[in-house]
Structure formats: C-alpha cells, structure tokens
Undergrad: 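Attaching a single structure in structure tokens format; questions to follow.
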Amino acid sequence: CAIKGCAGHEASLIRGEIKDGRREFRWHGEALERCRVLQRLFGLGANLGDTTATLDQAEQALWAWPATRVVAVSPRYRSAPVQASGPDFLNAVVELATDLEPAPLLAALHDIEAKHGRQRPYLNAPRRLDRDLLLDGQRPLNTPTLVLPHPRLHERAFVLYPLLDIAPDIEHPAWGRLLVLHARVA
C-alpha cells in the first residue's frame with residue numbers, strides 16, 4: 001500500500017500492528033517528511049445499525065484520501081448517549097497525518113457520514129455515523145461551521161478515553177495536558 005503525498009512523493013506502508021490495544025501503522029518514504037502535515041484527531045461514533053461494521057467501513061474510507069495517512073486508531077468504547085437519545089454509541093478516535101486543511105477535511109468527513117445514511121432531523125438525533133474533528137495540531141480555529149479544538153472534547157469521556165489511548169501526552173492549546181482532565185469526566 002502506498003500513498004501519494006504533496007509534490008508527488010510517495011510513502012509506503014511498512015506494517016500495521018496492534019500495540020497496547022490500538023492499531024498503529026508504520027510508514028516509510030519522503031512524502032511524509034516533505035509535506036506540511038499536522039496531527040489531526042477526530043472522533044467516530046455510531047448508535048444505529050451495525051455499529052461495528054459502520055466504524056470499520058468509515059476507517060477504511062480514510063485510506064483512500066489523498067496526501068493523508070492513518071497514524072493510529074484507538075480501541076473502541078461503548079457509551080450511553082450524552083444529551084441525546086437512542087441506543088448506546090460505539091466510539092473511536094483516529095489520528096491522521098495530512099496536509100488537508102480543516103475545511104476540506106471536514107467536508108470529506110461529512111461525505112463519509114452521508115454515504116452511511118447520516119440524517120440530521122433534529123439536534124443530537126440517533127445516527128448511523130457521526131464524526132467530529134477534535135484537534136488540528138495545536139492550531140485553534142473558530143468559524144461559523146467549525147470550532148477547534150472541539151468545544152466539548154474536555155467534557156466527554158467517550159472522546160477523552162480513546163483520544164488518550166492513541167495520544168497520551170497530547171495537550172490542549174488552552175487547557176494543557178488532557179490526561180489531567182480525563183479523571184473529571186463521566
């Protein structure tokens with residue numbers, strides 16, 4: 001498996017392995033050194049239909065994105081809906097290295113949701129697939145359609161636990177180390 005990075009440089013998958021309960025991928029090639037890549041973390045969740053198959057398919061779709069590599073995928077967590085109704089959610093966090101800017105990245109995530117039948121009949125409705133861009137490196141962003149870091153990431157165990165599984169030393173630009181915050185959430 002190879003990816004095309006910026007300026008046509010390539011990187012090849014050396015191996016994928018499960019380490020400490022998370023999937024990690026090793027890459028080799030100049031594409032990753034030459035591209036301006038940032039650590040982008042986003043959450044995936046589903047609480048309708050076959051949630052395991054949906055998350056599997058959503059993760060696989062990421063491999064087709066240009067100038068992007070999957071760095072790590074967290075273990076999955078089952079959680080009750082928060083400020084929502086319906087069955088329990090299955091949640092995970094994915095780390096990408098990409099030179100895609102946040103707006104096109106968000107559009108690509110919306111496309112994956114749409115392909116899985118995501119509908120938005122009302123706020124916090126049950127869903128076949130949900131995705132939330134959580135962090136864009138250490139860069140804050142505040143637009144009408146996207147706020148980064150995600151404004152509630154520090155309040156949600158179903159986000160913090162899988163996030164810390166793949167990035168235990170990660171820091172929030174305003175609040176510092178997220179590991180300190182996870183003990184305060186339910």
Side-chain angles (χ1 to χ4, degrees), residues 1 16 18 20-25 39-66 68-98 100-136 141-167 170 172 178 181-182 184-186:
C1 176
I18 295 181
D20 299 326
R22 68 182 188 216
R23 285 172 276 179
E24 288 190 339
F25 306 96
Q39 180 184 43
R40 304 248 167 56
L41 292 145
F42 67 92
L44 290 174
N47 75 333
L48 293 177
D50 185 343
T51 56
T52 299
T54 298
L55 291 190
D56 286 344
Q57 293 165 9
E59 289 170 12
Q60 289 173 2
L62 302 173
W63 290 92
W65 287 2
T68 300
R69 70 180 168 108
V70 175
V71 176
V73 180
S74 76
R76 294 174 179 174
Y77 287 80
R78 195 160 290 282
S79 65
V82 175
Q83 298 176 341
S85 61
D88 286 352
F89 274 86
L90 188 62
N91 301 289
V93 170
V94 177
E95 179 182 354
L96 295 179
T98 182
L100 291 174
E101 289 298 319
L105 181 58
L106 184 64
L109 293 171
H110 277 267
D111 185 53
I112 291 173
E113 282 183 341
K115 288 178 181 170
H116 286 277
R118 170 74 190 263
Q119 298 177 356
R120 300 171 192 271
Y122 55 90
L123 186 63
N124 296 328
R127 55 207 82 136
R128 291 190 146 318
L129 182 63
D130 185 27
R131 56 72 224 119
D132 286 308
L133 194 50
L134 304 172
L135 287 161
D136 182 47
L141 180 69
N142 192 346
T143 72
T145 57
L146 183 60
V147 176
L148 292 173
H150 188 284
R152 291 174 300 285
L153 104 96
H154 66 290
E155 301 170 350
R156 306 277 169 88
F158 66 85
V159 172
L160 281 177
Y161 281 63
L163 175 62
L164 290 168
D165 281 336
I166 62 173
I170 194 148
H172 187 286
L178 290 175
L181 299 174
H182 94 284
R184 299 181 205 162
V185 298

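Positions are given from 1 along the sequence.
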Undergrad: Applying side chain to side chain contact (heavy atoms under 4.5 Å, CB included), name anything that partners Leu90, two or more places apart in sequence or on another chain.
TA: Thr51, Thr52, Leu55, Arg76, Arg78

Undergrad: Tell me every residue that passes side chain to side chain contact (heavy atoms under 4.5 Å, CB included) with Thr145, counting only those two or more places apart in sequence or in another chain.
TA: Thr143

Undergrad: Show the nearest heavy-atom pair for residues Ala58 and Leu44, with the distance to one decimal.
TA: CB-CD1, 4.2 Å

Undergrad: First locate atom CG of Asp130, then atom CZ of Phe89, and finally report the distance between them rounded to the nearest 0.5 Å.
TA: 6.0 Å

Undergrad: Sequence neighbours left out, what passes side chain to side chain contact (heavy atoms under 4.5 Å, CB included) with Pro104? Give chain and number order.
TA: Glu101

Undergrad: Of Leu135, Leu148, Val71, which is the lone residue that meets side chain to side chain contact (heavy atoms under 4.5 Å, CB included) with Leu41?
TA: Leu135

Undergrad: Can you measure from CG (Leu106) to CG (Leu141) and round to the nearest 0.5 angstrom?
TA: 10.0 Å

Undergrad: Compare every heavy atom of Leu100 with every heavy atom of Thr98, then report the nearest pair and how far apart it is.
TA: OG1-N, 3.0 Å

Undergrad: Considering residues at least two apart in sequence or located in another chain, which fulfil the side chain to side chain donor-acceptor pair (under 3.5 Å) criterion with Ser79?
TA: Asn91

Undergrad: Begin from the C-alpha positions of Leu133 and His150 and carry the test side-chain contact (heavy atoms from CB on, under 4.5 Å) through to its verdict.
TA: CA-CA 7 Å; Leu133 194 50; His150 188 284; over 6 Å; no

Undergrad: Once you round to the nearest 0.5 Å, how far does CG of Leu153 lie from CG of Leu160?
TA: 5.5 Å

Undergrad: Compare every heavy atom of Ser74 with every heavy atom of Pro162, then report the nearest pair and how far apart it is.
TA: CB-OG, 3.2 Å

Undergrad: What residues, two or more places apart in sequence or in another chain, satisfy side chain to side chain contact (heavy atoms under 4.5 Å, CB included) together with His116?
TA: Thr54, Gln57, Ile112, Leu129

Undergrad: Locate the shortest heavy-atom distance separating Leu146 from Pro102; write the atom from each residue and the value.
TA: CD2-CB, 3.7 Å

Undergrad: Could you measure the distance from the CG atom of Asp88 to the CG atom of Asn47? Nearest 0.5 Å is fine.
TA: 8.5 Å

Undergrad: Give the C-alpha distance, both sets of side-chain angles, the deciding distance and a yes or no for side-chain contact (heavy atoms from CB on, under 4.5 Å) between Glu95 and Val93.
TA: CA-CA 7 Å; Glu95 179 182 354; Val93 170; over 6 Å; no

Undergrad: When rounded to the nearest 0.5 angstrom, what is the spacing between CZ in Arg156 and CG in Asp132?
TA: 8.5 Å

Undergrad: How far apart are the C-alpha atoms of Leu105 and Phe42, what are their side-chain angles, what is the distance that settles it, and do they pass the side-chain contact (heavy atoms from CB on, under 4.5 Å) test?
TA: CA-CA 10 Å; Leu105 181 58; Phe42 67 92; 5.5 Å; no

Undergrad: Quick one: CZ on Arg128 to CD on Glu113, what's the gap to the nearest 0.5 Å?
TA: 13.0 Å

Undergrad: Go through Val73 and Ile166 one step at a time and tell me if the side-chain contact (heavy atoms from CB on, under 4.5 Å) criterion holds.
TA: CA-CA 7 Å; Val73 180; Ile166 62 173; over 6 Å; no

Undergrad: Who are the side chain to side chain donor-acceptor pair (under 3.5 Å) partners of Asp50, not counting sequence neighbours?
TA: none

Undergrad: Heavy atoms only: give me the nearest Pro81-Pro87 pair and the separation to one decimal.
TA: CG-O, 3.3 Å

